[in-house]
Amino acid sequence: MVAIAYALVLSGLAVAAVWLAVLIVPLQPVSAAGQTVRVGAAPLDWSLSGPGQLDLFGQTIPTRAHFDGPIRPRLELTRIRGDAEVARLLRSGDHERLTLEVGRKLASGWVRYGAWETAVAAGLVLLPLAAWTGLRRMPPGRAVLVLAGGLALVTAVNAVGFYLLASSTPQALRDVRSLQDLVGDSPPDPVPRAEGPPLGDVRAVALGDSTAAGTGNRPLPDPSDLDRACDRSADSYPQALARANDWSVLNLACSGATVRDGVLGAQILGEQVAPPQIAQAQRAAEASVVLVSVGANDVRWSDLVQLCAISPSCDDRASTAYFQDRLARFALDYRRLLRMLATLPQHPTVVVNEYYDPFGADVSCLENEGLTRQKAEVLSSRLAALNAVLRQGAETAGFTPVKQNFEGHRLCSAQPYVQGPADRAPLHPTAAGSLAIALADQKALPVEANAN
């Protein structure tokens with residue numbers, strides 16, 4: 001009976017050691033295709049098969065691929081960097097060579113993590129057993145047997161969980177060609193080459209959505225058909241920066257643009273077709289600043305606000321799950337955009353604008369629209385989640401995230417920086433709001449960028 005009790009205690013200790021080792025062993029960094037990814041194990045799941053985990057800009061995304069065993073891979077993107085070879089292959093569309101080493105590096109990181117996890121699990125068993133045998137003042141021979149038994153059990157448990165049940169994981173990782181493939185979402189088509197002559201006089205380029213386009217404000221003095229279709233304004237924040245710095249600014253932002261449909265891909269605007277913004281931006285080969293405003297259309301922010309207004313509650317399970325799904329999709333597309341920006345040959349200063357919170361403490365002017373203080377708080381929390389992805393992604397790529405603060409000038413205030421329900425573009429910045437964004441960006445730009 002005593003032997004059985006010892007065996008049960010040692011088995012429990014071995015399982016607990018493996019569980020704790022998975023939690024505390026550092027993920028192992030690997031670098032491939034201009035990215036640094038940390039590879040390790042997700043928290044134990046006691047089912048025999050299931051998805052792994054991708055941590056991307058604070059978002060936890062389950063992998064489409066399933067892995068055998070309770071110990072499954074966890075991947076965390078930690079760095080996006082510019083690289084001459086990566087830049088050339090991205091521009092040429094030769095993604096085959098670009099992704100050749102990704103799977104092999106991930107598998108290597110997994111094996112390295114497994115070795116560390118095994119060693120740490122063994123240590124977690126031996127330390128308490130050594131302390132226990134010392135307190136019991138066991139004879140040396142018996143103490144060695146206890147320690148050897150504990151080591152054998154934790155090794156066996158780890159071998160079953162990591163090396164036997166999860167034996168197919170290294171090969172599954174070798175088959176991975178990109179993080180986007182891992183979560184089962186096919187990447188957009190390669191960005192085509194831009195058509196047209198170089199724009200050597202352009203010093204700043206703006207990419208993104210209606211916030212950067214300045215939708216709802218004064219039209220441009222001599223707009224093109226595409227300017228009209230994109231609702232670009234003379235009061236947009238890129239135009240304000242142009243006036244302040246005496247810059248020539250190429251504002252490519254367009255109302256309704258998402259990362260896929262607008263920035264990296266073409267955007268259909270009725271009878272007009274806006275070419276991919278990133279392709280047009282590459283014509284400005286001497287631009288020292290790139291301004292980015294993306295995300296709201298990707299997560300369907302306008303739809304979420306409208307749904308919230310007509311629903312009894314904004315934080316129901318369905319709308320929350322929908323938002324989380326859209327945010328995870330955006331994180332993947334945002335990663336691809338960041339990689340493209342990181343490989344621009346002129347290495348510009350890239351400013352990623354977070355979104356301002358339009359809702360203040362007073363929401364009385366929105367009551368007829370169905371928005372209460374409680375609903376506004378839910379919408380603000382979702383906006384904060386989107387901003388966290390924008391901020392972490394920018395920092396991962398070495399870019400500059402800029403927080404926008406409209407405190408004292410939100411909706412229902414005496415001098416709002418946000419267009420209200422009766423204005424041309426509700427929830428978009430007014431001319432004063434666009435100027436506030438421009439001032440925040442100006443403050444964030446390095447001195448050398450301002451001087452160019």
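With sequence neighbours excluded, the residues forming a side-chain contact (heavy atoms from CB on, under 4.5 Å) with Leu304 are Tyr322, Phe323, Arg382, listed by chain and number. For Tyr356, the ring-ring contact (aromatic ring centres under 6.0 Å, His included) partners two or more places apart in sequence, or in a different chain, are Phe406. The side-chain contact (heavy atoms from CB on, under 4.5 Å) test applied to Gln392 returns Phe57, Ala388, not counting sequence neighbours. With sequence neighbours excluded, no residue forms a side chain to side chain donor-acceptor pair (under 3.5 Å) with Gln419. With sequence neighbours excluded, no residue forms a ring-ring contact (aromatic ring centres under 6.0 Å, His included) with Tyr113. By the side-chain contact (heavy atoms from CB on, under 4.5 Å) test, Val402 is found to be paired with Val351, Asn353, Thr400, Gln404, Ala440, Asp441, Ala444, residues two or more places apart in sequence or in another chain being considered. For Gln35, the side chain to side chain donor-acceptor pair (under 3.5 Å) test picks out Arg335, with sequence neighbours left out. Taking Ser31 as the reference, Thr36 meet the side chain to side chain donor-acceptor pair (under 3.5 Å) condition, with sequence neighbours excluded. Under the side-chain contact (heavy atoms from CB on, under 4.5 Å) criterion, Ala119 pairs with no residue at all, not counting sequence neighbours. Considering only residues two or more places apart in sequence or on other chains, Ser313 meets the side chain to side chain donor-acceptor pair (under 3.5 Å) condition with Asp315.
The structure places CD1 of Ile71 at 6.5 Å from CH2 of Trp110, a figure rounded to the nearest 0.5 Å. With values rounded to the nearest 0.5 angstrom, Leu23 atom CG is found 7.0 Å from Leu44 atom CG. The structure places CG of Asn217 at 6.5 Å from OG1 of Thr430, a figure rounded to the nearest 0.5 Å.
Sorted by first and then second residue, the pairs that involve residues 18-42 and meet salt bridge (charged side-chain N to carboxylate O under 4.0 Å, His left out), not counting sequence neighbours, are Arg38-Glu76. Residue pairs satisfying the salt bridge (charged side-chain N to carboxylate O under 4.0 Å, His left out) criterion with at least one member in residues 340-357, sequence neighbours excluded, are listed as follows: Glu354-Arg391.
Between Gln171 and Asp175, the side chains place a donor N or O and an acceptor N or O closer than 3.5 Å (distance only, hydrogens not considered). No hydrogens or angles considered: nothing links the side chains of Glu377 and Ser381 as a donor-acceptor pair under 3.5 Å.
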Salt bridge (Lys or Arg N to Asp or Glu O under 4.0 Å) assessment of Asp298 paired with Arg329: CA-CA 8 Å; Asp298 300 79; Arg329 289 171 180 265; over 6 Å; no
